[in-house]
Amino acid sequence: MGEDRDLIRLARMIKEHDIQSFHDLYIRYMPILQAFAFRYTYNSETAKDLVHDAFTWLWNHPEKIETHRNIVHLLHMMVRNNCLHYLRSLRIRDRHDEKLAEAILFSSDASSMEDLDDLQQHLVQKLHATLALLSPKSHEILLLHVVDGLKIKQIAEKFGIEESSVKTHIKRAMKLLRESLPAFFWFIF
């Protein structure tokens, strides 16, 4: 109950553009909101940017703050909406890339082959960026399994972990790859 009163007081102060109150809110809740956004984006820089956007909006629109409501709940909803909007924009960009690839694959002129090379280069960069999001251990396990062809049992023995842990690392890595790379990627390479 005391925390709710503090948050209501904080909301009132921020609505009046009190910089110290805003700073206190930012310092206290930025890491929590960034961790929340990371669960959507799997990218710490993107998560940080989306949370910054929410705080910036809050500071620039104090008239939208309802002082009788929990300001942290408002920020939480804003960050969630920012994350969903970000993910939607990625899907739109991927659909555009898919349509471009289809057009390139079904056309026959020489300039289209250059476009295909550019698209492949873009996808390889995206693949490397996605692999960089994996933990070092997950990255290594995925490479050992997919590139080197090691069996799950061999990887488990190499790392001294359970086979189920290896399977979990591979499953999470593949899920991230499927979510991050357009469907046609798997057919081009």
Side-chain angles (χ1 to χ4, degrees), residues 1-98 121-143 159 161 165 168-182 185:
M1 188 70 177
E3 185 177 353
D4 285 341
R5 271 186 268 148
D6 289 343
L7 291 173
I8 290 171
R9 183 189 61 74
L10 199 58
R12 285 188 187 126
M13 298 298 291
I14 291 170
K15 188 169 182 135
E16 296 172 9
H17 258 204
D18 180 62
I19 192 90
Q20 186 59 49
S21 296
F22 184 79
H23 182 264
D24 293 345
L25 181 72
Y26 182 85
I27 294 300
R28 185 172 179 188
Y29 290 99
M30 173 61 181
I32 295 166
L33 292 169
Q34 188 175 348
F36 172 72
F38 182 81
R39 286 184 271 170
Y40 282 90
T41 64
Y42 294 104
N43 182 305
S44 59
E45 284 303 310
T46 301
K48 188 175 182 180
D49 289 344
L50 295 172
V51 174
H52 277 292
D53 290 347
F55 275 101
T56 300
W57 186 92
L58 187 68
W59 181 254
N60 290 329
H61 298 90
E63 72 280 359
K64 302 284 186 179
I65 299 173
E66 297 178 17
T67 55
H68 63 282
R69 300 189 97 174
N70 184 330
I71 195 164
V72 175
H73 179 69
L74 173 64
L75 278 168
H76 192 268
M77 286 185 349
M78 289 169 55
V79 169
R80 186 181 126 266
N81 289 340
N82 287 352
C83 290
L84 293 174
H85 179 75
Y86 168 76
L87 293 174
R88 205 172 306 120
S89 73
L90 288 180
R91 279 195 299 271
I92 290 168
R93 198 172 317 134
D94 284 347
R95 267 189 256 130
H96 171 75
D97 287 348
E98 285 180 22
Q121 192 172 35
H122 167 73
L123 290 172
V124 168
Q125 289 171 347
K126 194 168 184 178
L127 173 63
H128 287 295
T130 303
L131 289 173
L133 297 175
L134 296 172
S135 70
K137 192 171 193 176
S138 290
H139 187 256
E140 187 174 358
I141 287 173
L142 182 67
L143 291 179
F159 283 98
I161 59 176
S165 296
T168 300
H169 280 282
I170 293 170
K171 183 179 175 182
R172 287 181 183 159
M174 292 305 293
K175 180 179 187 257
L176 180 61
L177 288 170
R178 276 191 303 277
E179 290 172 352
S180 299
L181 298 169
F185 171 85

Could you check whether any side-chain heavy atom of R172 comes within less than 4.5 Å of a side-chain heavy atom of L134, counting everything from C-beta outward?
no

Any donor-acceptor N/O pair, H17 side chain to W59 backbone, under 3.5 Å
yes

Calculate, to the nearest 0.5 Å, the distance between atoms NE2 and CD1 belonging to H23 and I27 respectively.
4.0 Å

Do the side chains of H76 and Y29 get nearer than 4.5 Å, heavy atoms only?
no

Hey, does D24 have a side-chain heavy atom less than 4.5 Å from the side chain of M13?
no

The reported gap from CE in M77 to CG in L75 (rounded to nearest 0.5 angstrom) is 10.0 Å

Considering all heavy atoms, the nearest A37-V79 contact
CB-CG1, 3.8 Å

Heavy-atom closest pair, residues A173 and L142:
CB-CD2, 3.9 Å

Worked check of side-chain contact (heavy atoms from CB on, under 4.5 Å) between R12 and D18:
CA-CA 9 Å; R12 285 188 187 126; D18 180 62; over 6 Å; no

Taking all atoms of both residues into account, what is the closest heavy-atom pair of I170 and I141, and its distance?
CG1-CG2, 3.7 Å

Can you confirm whether M78 sits close enough to F55 that some side-chain heavy atom of one is under 4.5 Å from a side-chain heavy atom of the other?
no

Shortest non-hydrogen pair, I14 vs P62, comes out as O-CB, 4.2 Å

Working to the nearest 0.5 Å, report the span between NE2 of H139 and CG of L133.
10.0 Å

Considering all heavy atoms of both residues, which atom of S138 and which atom of H169 are nearest to each other, and what is their separation?
OG-ND1, 2.6 Å

Report the distance from atom CG of N43 to atom OH of Y86, rounding to the nearest 0.5 Å.
6.0 Å

What I'd like to find out is whether the side chain of L25 reaches to under 4.5 Å of the side chain of V72, using heavy atoms alone.
yes

Should the pair F36 and Y40 be assigned to parallel (<30°), tilted (30 to 60°) or perpendicular (>60°) ring geometry?
perpendicular

For N82 and L50, the nearest pair of non-hydrogen atoms, with its separation, is ND2-O, 3.1 Å

Which value, rounded to the nearest 0.5 Å, describes the distance between Y26 atom OH and L58 atom CG?
12.5 Å

Which distance, rounded to the nearest 0.5 Å, do you find between the CD of E140 and the CZ of F159?
3.5 Å

